[in-house]
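All ligand and atom numbering here is 1-based and tracks the order in the structure. Excluded from the calculations below are hydrogen atoms, water molecules and symmetry mates; all remaining heavy atoms, backbone and side chain alike, are included. Fair warning: this is a prediction, and the values are worked out from it, not measured in the lab.
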Amino acid sequence: MSIQLFCPRGPGNEILRLPRTYRRSVKWLPQIGDIVPDFTVETTQGEIRFWEWASGSWVHLFSHPAAFTPVCTTEIASLASYAAAWEAGNVRILGLTGSTVPELQAWHDEIAATFQTEVSFPTAHDPGLALSRLFGMMHEKESRDWPVRKSFVIDPGLRLRMIFEYPIYVGRNTEEILRVIQALQLRAATGAATPSDWYNGDVAIIPDGMAEAEVQAHFGTSSTRLLRYLRLVLPWKADTREARAAG
Ligand code: BEZ
């Protein structure tokens with residue numbers, strides 16, 4: 001079923017007529033801020049009940065086309081090589097695809113042997129790609145058979161905090177996944193935003209409404225105004241203070 005539920009408008013307030021096939025169908029499309037639905041899947045590490053497994057951790061839940069395919073192999077190997085970063089950041093990783101658990105297990109073994117990196121996170125079998133459909137991971141014009149490379153970052157309260165989608169023939173960047181999780185964690189811990197091209201430890205953006213005392217409490221230093229609408233702080237000072245206190 002496909003109906004035009006909304007009337008998008010152009011710059012002159014004119015109604016934009018969508019092609020019939022582009023009209024929004026009546027189904028859930030995951031959005032930032034949604035609570036991720038609970039589900040149960042068979043994985044390379046046994047059955048996972050998602051809410052129980054994910055609650056209290058940051059989660060990178062991602063779809064990929066299939067086991068024993070070239071780009072997917074490099075993505076799994078790269079994610080596996082960041083095991084220490086996931087552990088340090090309280091991040092759990094869960095892959096999702098149509099391949100069976102025995103296939104996924106054999107593939108993980110091959111990746112471990114080839115790249116000298118154990119795949120220590122689970123990947124899950126999605127029978128008939130039903131979950132992939134629910135999560136908007138099937139993009140029929142890209143492929144009718146394979147899910148695209150869709151990533152969700154989910155916070156410890158099971159809320160969706162970031163979504164990105166890559167096509168089948170372009171592998172994701174693990175450093176970018178880590179970078180975004182660290183930015184979301186900084187935001188959750190301090191209320192700070194992160195500028196373009198930010199990396200962990202770089203200057204962060206302080207929202208206008210935050211009192212200077214709160215900036216001091218979070219960062220151990222005061223903010224600086226670069227423009228009347230751009231207020232910055234150096235989070236590394238907070239790290240240094242914590243390191244000094246711990247050491
Ligand atoms: C790949 O991961 O390289 C791939 C996946 C599905 C179809 C073709 C290639």
Side-chain angles (χ1 to χ4, degrees), residues 21-22 25 27-30 32 36-37 39-48 50 53-54 58-87 89 91-154 160-181:
T21 50
Y22 287 14
S25 50
K27 64 170 196 169
W28 174 61
L29 190 65
I32 292 171
V36 176
F39 57 87
T40 300
V41 274
E42 290 302 326
T43 81
T44 49
Q45 296 180 7
E47 183 185 275
I48 284 182
F50 186 72
W53 178 84
W58 289 82
V59 172
H60 174 221
L61 169 66
F62 68 99
S63 62
H64 66 93
F68 301 112
T69 54
V71 178
C72 297
T73 298
T74 61
E75 286 192 325
I76 298 292
S78 178
L79 286 166
S81 74
Y82 277 68
W86 309 135
E87 174 81 28
V91 181
R92 291 187 154 193
I93 310 285
L94 178 60
L96 190 66
T97 191
S99 304
T100 64
V101 169
E103 285 170 336
L104 291 166
Q105 259 153 354
W107 183 45
H108 285 197
D109 291 346
E110 213 159 79
I111 290 170
T114 307
F115 295 90
Q116 277 88 51
T117 178
E118 208 60 45
V119 182
S120 55
F121 57 85
T123 61
H125 171 49
D126 179 15
L129 299 170
L131 273 174
S132 306
R133 264 177 253 287
L134 171 71
F135 288 138
M137 293 160 169
M138 299 301 294
H139 293 204
E140 304 253 308
K141 293 184 199 70
E142 176 70 349
S143 169
R144 289 188 167 276
D145 303 321
W146 317 102
V148 295
R149 304 179 191 282
K150 186 160 182 167
S151 285
F152 292 148
V153 176
I154 300 161
L160 201 39
R161 290 298 176 193
M162 202 210 55
I163 304 170
F164 62 78
E165 292 168 339
Y166 276 44
I168 284 174
Y169 293 97
V170 179
R172 283 159 285 202
N173 183 327
T174 304
E175 194 62 36
E176 172 63 4
I177 295 161
L178 177 61
R179 189 190 77 84
V180 168
I181 293 173

Engineer: Going by the atom numbers of ligand 1, which of them fall below 4.0 Å from some non-hydrogen atom of Arg149?
Structural biologist: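 This gives 1 (C), 2 (O) as the contact atoms.
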Engineer: At under 4.0 Å between heavy atoms, which part of Pro70 makes contact with ligand 1: side chain, backbone, both or neither?
Structural biologist: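 Under 4.0 Å from ligand 1, Pro70 contributes backbone and side-chain atoms.
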Engineer: Cation over ring, Arg92 on Trp86, under 6.0 Å and within 45°?
Structural biologist: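 Geometry flag: not set, cation outside 6.0 Å or 45°.
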Engineer: Taking the six-membered ring for Trp and the single ring otherwise, decide whether the centroids of Tyr166 and Phe62 are under 6.0 Å apart.
Structural biologist: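 When the ring centroids of Tyr166 and Phe62 are compared, they turn out to be at least 6.0 Å apart.
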Engineer: Hey, which atoms in ligand 1 end up nearer than 4.0 Å to a heavy atom of Tyr169?
Structural biologist: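 In order of numbering, the contacting atoms are 8 (C), 9 (C).
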Engineer: Looking only at protein heavy atoms, identify the closest one to atom 3 (O) of ligand 1 and say how far it is in Å.
Structural biologist: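 It is Val71 N, 2.7 Å.
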Engineer: Is the distance between the ring centroids of Trp107 and His64 under 6.0 Å?
Structural biologist: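 Centroid distance Trp107-His64: below 6.0 Å, so yes.
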Engineer: Is there a side-chain contact between Thr73 and Phe68 (heavy atoms, below 4.5 Å)?
Structural biologist: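 Not touching, per the 4.5 Å side-chain cut-off.
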Engineer: Nearest protein heavy-atom contact for atom 6 (C) of ligand 1: which residue, which atom, what distance?
Structural biologist: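 Going by distance alone, atom 6 (C) of ligand 1 is nearest to Pro65 CB, 3.6 Å.
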Engineer: Using side-chain contact (heavy atoms from CB on, under 4.5 Å), reason through Leu129 and Trp146 one step at a time and then give a plain yes or no.
Structural biologist: CA-CA 9 Å; Leu129 299 170; Trp146 317 102; over 6 Å; no
Engineer: Does atom CD (Glu165) have a neighbourhood of more than 12 heavy atoms from anything else shown, all under 6.0 Å?
Structural biologist: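 Counting neighbours around CD of Glu165, more than 12 heavy atoms of other residues, nucleotides or ligands fall under 6.0 Å, so yes.
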Engineer: Should you measure from each heavy atom of Trp146, which atoms of ligand 1 turn up under 4.0 Å away?
Structural biologist: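 Checking each atom against Trp146, I get 6 (C), 7 (C).
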Engineer: Counting non-hydrogen protein atoms only, what is the nearest one to atom 4 (C) of ligand 1? Give residue, atom name and distance.
Structural biologist: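 Minimum-distance protein heavy atom for atom 4 (C) of ligand 1 reads Thr69 CB, 3.6 Å.
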